[in-house]
Amino acid sequence: MYNRKYNFSPGPAVLPLPVLEKAREDIISFRGSGIGVLEMSHRSKDFDKMYEEVIERFKGFMNIGDNYDIIFMGGGASSQFYLIPMNFLPRERTADYIVTGTWAKKAVKEARLFGNVNIASSSEDRNFSYLPKNHTFSKDPAYIHITSNNTIYGTQWGEYPEIHGTPVVCDMSSDILCKKIDFNAFDLIYAGAQKNIGPAGVTVVIIKNSFLERASADNPTMALYRTHVEKKSVFNTPPVFGIYIINEVLNWMIENGGLSAIEEKNRNKAGMVYGMMDKYPDFYRGHAEKDSRSLMNITFRLPSEDLEAKFIKEATSLDLMGLKGHRSVGGIRVSIYNAFPEDGVEKLVQFMKDFRDNN
Ligand SMILES: *Cc1c(COP(=O)(O)O)cnc(C)c1O
């Protein structure tokens, strides 16, 4: 009906069609109010209600209580790279970073502007193809920073490292709410919405109260987490439309059976692609080691760059879009976030089989 193609883009990424259809209505008149969501005041009752809904939905999925605050900010996940140390890393203290990809490295660079950084572990020696098992934590770090899913390399934590007594900060930009995990194990979670839960332009930040108490009080007002928590994200004009879409995506998740059902689908989708790779490991050469594989981003190389270019060209002609890998890995990257439909994965896997047979 819309001629929509299968969009394997790593981000911004595919959104659920029912959400987009509903948004089309709400852009013109939000829930029949006569005012569109793009035109609606962030100080209106309609906004307040939507805000309460989205917070409640997050808390429900994450099984977290009132000891957490959830706020929505602009500036992308990349702004969190400096906001976190600016708020939580005093000049004389050390923060520990687990470095499993480009995004973690960028986070380290910003943190060094504020205090000391200890690289607790890194998988850079093998181009971030695995998740390190041994970590050297410093004596009393201000926090430990970890990236849950490495979008570019296609690795994702299954079991997180055991950490006790130190606040844990996690960048969940590319896998938030893709599966059940113990969200209570984290003191601060942040995620740019444009991969798994919404559009670009809004970042969700989830902070434990006890951690927030440690935050610095002398930053510019906009750079204090406390400002946004105290004002419930409306100290200034928040990204209203982004919050709206997130709320609708979470609602779509509820209507589709909740987090367990989404997780099952994600495991099934990723399993189909990995299954095909494992069948032809000499042809589809996975970048990530097996025990570090991501459910969200699947990375592999083909025997030659010519074949990779041909693969992408033929896939595109079948409406399988956005499969080109990031330049730091090369090859192919299959991004299959929550909203990516199963029939698109089936089509890709069939194509992978045909392509291998013909080449
Ligand atoms: C995409 C991404 C970012 C950067 O997000 P922006 O919103 O573009 O700043 C950070 N971390 C991870 C894990 C990502 O995938």
Side-chain angles (χ1 to χ4, degrees), residues 7-15 71-86 95 97-111 122-124 127-132 143-158 160 168-179 181 183 186 188-206 222-223 228 233 238-239 241-243 245-246 249 266 270 287-288 292-299 322 324-329 333-340:
N7 180 11
F8 292 93
S9 166
V14 60
L15 288 165
I71 53 175
F72 299 90
M73 303 176 77
S78 299
S79 291
Q80 302 302 317
F81 296 165
Y82 75 82
L83 286 167
I84 287 158
M86 197 178 202
Y97 279 68
I98 295 176
V99 178
T100 51
T102 305
W103 298 115
K105 273 177 80 173
K106 289 187 172 176
V108 165
K109 177 168 181 259
E110 302 304 302
S122 166
S123 52
E124 195 168 14
N127 200 20
F128 299 120
S129 57
Y130 68 102
L131 296 169
Y143 58 84
I144 297 171
H145 182 281
I146 186 164
T147 312
S148 59
N149 182 71
N150 299 284
T151 325
I152 293 172
Y153 303 91
T155 62
Q156 180 181 30
W157 293 94
Y160 284 89
V168 181
V169 172
C170 189
D171 177 358
M172 293 195 190
S173 291
S174 52
D175 71 344
I176 189 166
L177 300 184
C178 83
K179 62 177 179 179
I181 59 168
F183 291 100
F186 300 95
L188 189 153
I189 294 166
Y190 64 100
Q194 71 272 24
K195 279 140 189 164
N196 212 21
I197 51 167
V202 55
T203 303
V204 60
V205 182
I206 299 154
M222 277 294 286
H228 302 285
S233 304
F241 185 66
I243 298 169
I245 295 284
I246 293 177
V249 169
N266 285 336
H287 178 72
S292 304
R293 284 173 165 178
S294 167
L295 295 175
M296 302 275 94
N297 311 96
I298 300 176
T299 48
K324 194 170 167 30
H326 189 275
R327 62 190 174 280
S328 36
V329 177
R333 171 168 48 170
V334 180
S335 299
I336 40 175
Y337 301 112
N338 287 359
F340 193 94

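Counting convention: from 1, in listed order, for ligands and their atoms alike. A quick note: this is a predicted structure, and the numbers were derived from the prediction, not measured.
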query: What atoms in ligand 1 come closer than 4.0 Å to a heavy atom of Phe81?
result: 10 (C)
query: Quick one: does Ser294's side chain have a donor or acceptor within less than 3.5 Å of a partner on Gln156's backbone?
result: no
field: Residue Gln194 vicinity, atoms of ligand 1 by number, heavy atom under 4.0 Å
entry: 5 (O), 6 (P), 7 (O), 8 (O)
Shortest protein heavy-atom distance from atom 1 (C) of ligand 1, along with the residue and atom involved: Lys195 NZ, 1.3 Å
query: Which residue and non-hydrogen atom of the protein lie closest to atom 11 (N) of ligand 1, and at what distance in Å?
result: Asp171 OD2, 2.6 Å
query: With side chains defined as the heavy atoms from C-beta onward, is the minimum distance between Ile176 and Ile206 less than 4.5 Å?
result: yes
Side chain to side chain, His228 and Val205, heavy atoms closer than 4.5 Å: no
query: Does some side-chain heavy atom of Trp157 sit less than 4.5 Å from a side-chain heavy atom of Leu131?
result: yes
- prompt: Do the side chain of Ser123 and the main chain of Tyr130 share a donor and acceptor less than 3.5 angstrom apart?
  reply: yes
- request: Considering the heavy atoms of Gly76, write down every atom of ligand 1 situated less than 4.0 Å from one of them.
  value: 7 (O), 9 (O)
message: Looking at Cys178, is its backbone amide N or carbonyl O close enough to the side chain of Asn266 to form a donor-acceptor pair, meaning the two atoms are under 3.5 Å apart?
response: yes
query: Would a 4.5 Å heavy-atom cut-off, applied to side chains only, mark Glu124 and Lys105 as touching?
result: yes
Nearest-contact summary for atom 4 (C) of ligand 1 - protein heavy atom, Å: Trp103 CZ3, 3.4 Å
query: What part of Asn150, side chain from CB on, backbone N/CA/C/O, both or neither, has a heavy atom under 4.0 Å from ligand 1?
result: neither
- prompt: Any N or O on Thr147 sitting closer than 3.5 Å to an N or O of ligand 1?
  reply: no
query: Is Ala77 in polar range of ligand 1, meaning some N or O pair under 3.5 Å apart?
result: yes
field: contact_flag Lys106 ligand 1 heavy-atom lt 4.0 Å
entry: no
statement: One finds that the ligand 1 atoms under 4.0 Å from a non-hydrogen atom of Thr151 are 13 (C), 14 (C), 15 (O)
query: How are the rings of His145 and Tyr97 set relative to one another: parallel (under 30°), tilted (30 to 60°) or perpendicular (over 60°)?
result: parallel
- line: So the atoms of ligand 1 within less than 4.0 Å of a heavy atom of Asn149 turn out to be 13 (C)
- request: Just need the protein heavy atom nearest to atom 9 (O) of ligand 1, so name the residue and atom and give the distance.
  value: Ser78 OG, 2.6 Å
message: For Tyr190, which part has a heavy atom under 4.0 Å from ligand 1: side chain, backbone, both, or neither?
response: neither
- prompt: Should Ser173 and Thr151 count as side-chain neighbours, where that means a heavy-atom distance under 4.5 Å?
  reply: no
